Amino acid sequence: MSANKTCVNIDINNSGCPCTNLRCPKHGVCCECIAHHKNKDQLPACYFTAEQEKTYDRSIDYFIKCRTR
């Protein structure tokens, strides 16, 4: 069974999740989201500002670039 069916924090997580991809099955299931992005050498939306998140660029390089301006 997918964690999003058993995650006891999904309502709390969803209310604070900055990701704009509301159709994502991992939305609000932080452990699945983090694992998914880690496997792709990316960071989840919660590491970015709202403006940065809109680019959908989850790369580590983009994260570093944004933090070193």
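Since we're looking at a predicted model, the values are computed, not measured. Values below: all heavy atoms of this structure, side chains included; hydrogens, waters and symmetry mates excluded.
Around atom CZ of Phe63, more than 12 heavy atoms belonging to other residues, nucleotides or ligands sit under 6.0 Å away.
In this structure, OH in Tyr56 is found 6.5 Å from SG in Cys19, a value given to the nearest 0.5 Å. For the atom pair CG of Asp61 and CG of Asp41, the computed distance is 10.0 Å after rounding to the nearest 0.5 Å.
Side-chain contact check for Ile60 versus Leu43: some heavy-atom pair is nearer than 4.5 Å.
Heavy atoms only, all atoms of each residue included: Cys17 and Gly28 are closest at SG-N, 4.3 Å. Among all heavy-atom pairs drawn from Asn13 and Cys7, the shortest one is ND2-SG, 4.1 Å. Closest non-hydrogen pair, Pro18 versus Cys46, comes out as CG-CA, 3.5 Å.
In this structure a side-chain-to-backbone donor-acceptor pair under 3.5 Å is missing from His37 to Arg58. At distances below 3.5 Å, at least one donor-acceptor pair connects side-chain atoms of Glu53 with backbone N or O atoms of Thr20. Remark: the backbone N or O of Thr49 is paired with a side-chain donor or acceptor of Gln52 at under 3.5 angstrom.
Counting only N and O atoms by type, the side chains of His27 and Asn21 include no donor and acceptor under 3.5 Å apart. No donor-acceptor contact under 3.5 angstrom links the side chains of Ser59 and Gln42, judged on distance only.
Under a hydrophobic clustering in which Ile, Leu, Val, Met, Phe, Trp and Tyr are joined whenever their side-chain heavy atoms come within less than 4.5 Å, directly or via other members, Tyr62 and Tyr47 fall into the same cluster.
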